[in-house]
Amino acid sequence: MASDEGTVRVDSWIWSVRLTKTRSMAATACRGGHVRVNGERVKPSHAVRAGDEVRLRLAGRERIVVVARLVRKRVGAPVAVQCYVDNSPPPPERLGPAEVARRDRGAGRPTKRDRRELERLRGLGGAAPGGGAAPGGGERRPDA
């Protein structure tokens, strides 16, 4: 399961310590230039050793880890955390759920104007007031 000597492919190690969900995701990240070992962009087959610094940019977040132990096969989460030292910046704070617009009970169904106002407030876009598509849904062709 574990090997404390030699080297391991970087894509395999990233997957083994659960930094990515699949090995192919790790290899794709390497090919895309999102993985650096000791400051250099690497290919998926690059050999990683204990003590190397691995930077992985994935899903808008950068993970900075130092290899503590080499593993060739995927291990459980408690063991995986022992295989690296995490020097990553803290993840960005999550925003709470957005407040839902509520109508007064008994106010009835919203009018078209109310609905457009709600969409504008939510930022859903929609058509600008006064403009819009023809009721048929498409543009008229000049030859028709």
Side-chain angles (χ1 to χ4, degrees), residues 1-105 107 109-142:
M1 177 165 83
S3 170
D4 291 327
E5 59 188 42
T7 61
V8 177
R9 288 175 56 113
V10 69
D11 64 336
S12 179
W13 186 82
I14 289 171
W15 168 73
S16 298
V17 297
R18 298 177 171 264
L19 294 176
T20 59
K21 289 185 179 183
T22 64
R23 184 168 173 190
S24 63
M25 279 179 67
T28 303
C30 291
R31 278 189 237 104
H34 300 291
V35 177
R36 292 175 181 264
V37 176
N38 297 327
E40 294 183 29
R41 287 184 177 175
V42 293
K43 293 182 178 181
S45 61
H46 183 82
V48 69
R49 295 175 169 79
D52 286 349
E53 180 189 66
V54 178
R55 289 177 176 256
L56 171 68
R57 201 170 68 241
L58 193 65
R61 181 175 177 216
E62 185 173 30
R63 301 287 307 266
I64 304 168
V65 296
V66 176
V67 179
R69 202 168 110 201
L70 298 177
V71 288
R72 295 193 192 313
K73 296 196 176 188
R74 193 162 170 101
V75 294
V79 177
V81 188
Q82 298 171 355
C83 295
Y84 60 86
V85 178
D86 195 356
N87 295 330
S88 305
E93 292 184 23
R94 289 187 170 189
L95 299 175
E99 190 171 322
V100 178
R102 304 270 179 188
R103 291 181 52 83
D104 293 331
R105 189 171 177 94
R109 187 172 168 181
T111 63
K112 195 174 210 179
R113 182 178 180 181
D114 293 339
R115 181 181 53 80
R116 286 186 176 150
E117 185 67 20
L118 285 172
E119 286 178 357
R120 187 184 63 77
L121 289 172
R122 287 183 190 155
L124 296 178
E139 295 181 16
R140 299 195 80 164
R141 294 184 294 169

Residue pairs fulfilling salt bridge (Lys or Arg N to Asp or Glu O under 4.0 Å) with at least one residue in residues 47-58, sequence neighbours excluded: Glu53-Arg55, Arg55-Glu62
Working to the nearest 0.5 Å, report the span between CD of Glu119 and CG of Leu121. 10.5 Å
Val17 and Ala80 have their tightest heavy-atom pair at O-CB, 3.6 Å
Is there a side chain to side chain contact (heavy atoms under 4.5 Å, CB included) between Ser45 and Arg9 once you walk through the steps? CA-CA 5 Å; Ser45 61; Arg9 288 175 56 113; 3.6 Å; yes
How close do Leu56 and Ala29 get, heavy atom to heavy atom, and via which atoms? CD1-CB, 4.1 Å
Check this for me, if you would: do Arg120 and Glu117 make a salt bridge, where the nitrogen-to-carboxylate-oxygen distance has to be below 4.0 angstrom? yes
What residue pairs, at least two apart or across chains, pass salt bridge (Lys or Arg N to Asp or Glu O under 4.0 Å) with a residue in residues 18-41? Asp11-Arg23
Please report the closest heavy-atom contact between Pro44 and Ala27, naming both atoms and the distance. CG-O, 3.6 Å
First locate atom NZ of Lys73, then atom CH2 of Trp15, and finally report the distance between them rounded to the nearest 0.5 Å. 9.0 Å
Rounded to the nearest 0.5 angstrom, the CZ-CD1 distance for Arg63 and Ile14 is 11.0 Å
Scan Leu19, Val65, Val66, Val42 and name whichever one has a side chain to side chain contact (heavy atoms under 4.5 Å, CB included) with Val54. Val65
Just by modelled atom types, is the Arg69 backbone N or O under 3.5 Å from a matching donor or acceptor in the Trp13 side chain? yes
Which residues share a side-chain hydrogen bond (donor to acceptor under 3.5 Å, both in side chains) with Gln82, sequence neighbours left out: none
Determine whether a donor-acceptor pair (N or O, by modelled atom type, separation under 3.5 Å) exists between the side chain of Thr7 and the backbone of Val48. no
